[in-house]
Undergrad: 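Pasting in a structure now, in structure tokens, and then I'll have a few things to ask.
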Amino acid sequence: MLKKKELTNFQNLTAYFSSNNKTTPRTQNKARTRFGSGFIRYLFHLNLRSNSFTTMAAYRADDDYDYLFKVVLIGDSGVGKSNLLSRFTRNEFSLESKSTIGVEFATRSIHVDDKIVKAQIWDTAGQERYRAITSAYYRGAVGALLVYDVTRHVTFSNVERWLKELRDHTDSNIVIMLVGNKADLRHLRAVSTEDAKGFAERESTFFVETSALEATNVENAFTQVLTQIYRVASR
Ligand SMILES: Nc1nc2c(ncn2[C@@H]2O[C@H](COP(=O)(O)OP(=O)(O)O)[C@@H](O)[C@H]2O)c(=O)[nH]1
Ligand SMILES: [Mg+2]
């Protein structure tokens with residue numbers, strides 16, 4: 001994991017990959033042919049231009065991927081964003097709500113077709129409570145999981161505002177998944193599947209109900225978003 005002070009360079013890298021994700025694989029292949037098989041050499045090649053060799057080499061030495069996609073988690077406080085993330089990236093769930101300081105992200109790579117797609121998933125640090133998410137959080141995002149809690153109707157009512165904020169801060173091609181979390185709490189349900197599905201259709205977003213607790217559809221939600229981004233990016 002990168003140290004905080006390296007984030008600036010890293011954000012440049014993210015921006016680089018996101019803005020060029022259409023051409024990245026081709027460039028990679030070219031670099032591989034020219035320099036041999038070492039992907040690090042490709043990075044060096046890249047870094048000659050971007051001037052941040054140390055950071056990138058340190059970051060990239062331990063893995064390889066064809067695409068890096070930034071995905072953001074948004075939605076009201078307490079809906080289960082952090083637990084969806086920990087379920088997907090570490091297969092962990094926690095009953096406590098923990099807020100961390102500063103922006104945090106976690107990564108996981110999946111295979112789509114014959115490509116390795118690496119997701120860099122950003123989680124808030126509790127600032128959504130004050131609706132104080134900065135534009136840096138959204139910058140370069142190509143996918144989003146907009147999460148509400150199926151047992152708290154207010155979190156679903158707020159989805160409209162979250163959607164507006166998201167669209168105001170991101171590219172129009174962003175892939176959005178509306179996620180109704182805590183589906184395990186059947187006796188407490190306050191938002192019907194039909195209502196949410198209808199909303200998602202009207203807003204042209206994807207939709208799924210999940211349980212981070214029971215690990216239902218979590219894999220599905222992230223994988224669908226990443227696959228869809230990949231389809232758009234490799235078109
Ligand atoms: N029953 C149930 N509780 C959940 C689920 N996901 C999260 N929670 C709980 O909801 C609370 C808030 O979760 P958290 O991930 O911190 O929400 P965040 O504020 O959106 O990041 C915690 O107490 C979690 O244990 C779920 O799928 N089912
Ligand atoms: Mg959280």
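Just so you know, ligand 1 is whichever comes first in the structure, and atom 1 is the first atom listed for that ligand.
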Undergrad: Is there a polar contact, in the sense of an N or O pair closer than 3.5 Å, between A212 and ligand 1?
TA: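 The answer is yes, given that A212 and ligand 1 share an N or O pair closer than 3.5 Å.
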Undergrad: Could you work out, for atom 6 (N) of ligand 1, the closest of N181, L213, L188 by heavy-atom distance?
TA: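 Closest candidate by heavy-atom distance is N181.
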Undergrad: Can you tell me how far CG of L213 sits from CG of L95, rounded to the nearest 0.5 angstrom?
TA: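 Taking CG in L95 and CG in L213, the distance rounds to 7.0 Å.
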Undergrad: Quick one: which of G78, S86, A183 has a heavy atom closest to atom 12 (C) of ligand 1?
TA: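 When every heavy atom of G78, S86, A183 is considered, G78 comes closest to atom 12 (C) of ligand 1.
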Undergrad: Would you say ligand 1 has an N or O under 3.5 Å from any N or O of K182?
TA: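 It does: an N or O of K182 is found under 3.5 Å from an N or O of ligand 1.
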Undergrad: I'd like to check whether E96 has a polar contact with ligand 1, where a contact means an N/O of the residue lying under 3.5 Å from an N/O of the ligand.
TA: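 No, E96 has no N/O under 3.5 Å of an N/O on ligand 1.
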Undergrad: I need the atoms of ligand 1 closer than 4.0 Å to a non-hydrogen atom of S94, numbered in the order shown.
TA: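 In order of number, 24 (C), 25 (O).
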Undergrad: Under the 6.0 Å and 45° cation-pi test, does R108 pair with F222?
TA: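 Ring-cation test returns no.
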Undergrad: Is F93 in polar range of ligand 1, meaning some N or O pair under 3.5 Å apart?
TA: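 N/O-N/O distance below 3.5 Å does not exist for this pair.
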Undergrad: Would you mind listing which atoms of ligand 1 come within a distance below 4.0 Å of any non-hydrogen atom of E128?
TA: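 With E128 as reference, the close atoms of ligand 1 come out as 19 (O).
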Undergrad: With a 3.5 Å distance limit and no angle check, can you tell me whether R129 reaches the backbone of S77 through a side-chain donor-acceptor pair?
TA: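 Looks like no, no N/O pair under 3.5 Å.
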Undergrad: Strictly distance-based, threshold 3.5 Å: is any side-chain N or O of K197 a donor or acceptor partner for the main-chain N or O of S192?
TA: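 No: the side chain of K197 does not pair with the backbone of S192.
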Undergrad: Parallel, tilted or perpendicular: which describes the rings of F156 and H153, with under 30° parallel and over 60° perpendicular?
TA: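 Rings of F156 and H153: perpendicular, as their planes differ by over 60°.
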Undergrad: Could you tell me whether the side chain of K81 and the main chain of G75 form a donor-acceptor pair under 3.5 Å?
TA: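 Yes; judged by distance alone, with no hydrogens or angles, the pair exists.
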Undergrad: When the ring planes of H169 and Y138 are compared, do they come out parallel, tilted or perpendicular, using 30° and 60° as the limits?
TA: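 H169 and Y138: parallel rings.
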Undergrad: What atoms of ligand 1 come within less than 4.0 Å of a heavy atom belonging to K81?
TA: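 Matching atoms, with element in brackets: 15 (O), 17 (O), 18 (P), 19 (O), 20 (O), 21 (O).
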Undergrad: Please determine whether S82 has a backbone or side-chain N, O or S atom lying under 2.8 Å from the Mg ion (ligand 2).
TA: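 A backbone or side-chain N, O or S atom of S82 is under 2.8 Å from the Mg ion (ligand 2).
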Undergrad: Counting from 1, what ligand 1 atoms have a heavy atom of L185 closer than 4.0 Å?
TA: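 Those of ligand 1 that fall under 4.0 Å from L185 are 1 (N).
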Undergrad: Is the shortest distance from a heavy atom of E214 to ligand 1 less than 4.0 Å?
TA: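 Flag not set, E214 not near ligand 1.
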Undergrad: Going by the order shown, which atoms of ligand 1 are within less than 4.0 Å of some heavy atom of L95?
TA: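 Listed by number with element: 22 (C), 23 (O), 24 (C), 25 (O).
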Undergrad: If you count the non-hydrogen atoms of other residues, nucleotides and ligands that lie under 6.0 Å from CD in E92, is the total more than 12?
TA: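 More than 12 heavy atoms, drawn from other residues, nucleotides or ligands, come within 6.0 Å of this atom.
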Undergrad: With atoms numbered from 1 as shown, which atoms in ligand 1 lie under 4.0 angstrom from a non-hydrogen atom of D184?
TA: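 Within the 4.0 Å cut-off of D184, ligand 1 contributes 1 (N), 2 (C), 26 (C), 27 (O), 28 (N).
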Undergrad: Is any N or O atom of D123, backbone or side chain, closer than 3.5 Å to an N or O atom of ligand 1?
TA: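 Between D123 and ligand 1, no N or O pair is found under 3.5 Å apart.
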Undergrad: Does any donor atom in the side chain of T155 or D149 lie under 3.5 Å from an acceptor atom in the other side chain?
TA: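 No donor-acceptor contact under 3.5 Å links the two side chains.
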Undergrad: Only one of N181, N83, D184 forms a side chain to side chain donor-acceptor pair (under 3.5 Å) with T210, so which one is it?
TA: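 So, applying the side chain to side chain donor-acceptor pair (under 3.5 Å) to T210 and each of N181, N83, D184, only N181 qualifies.
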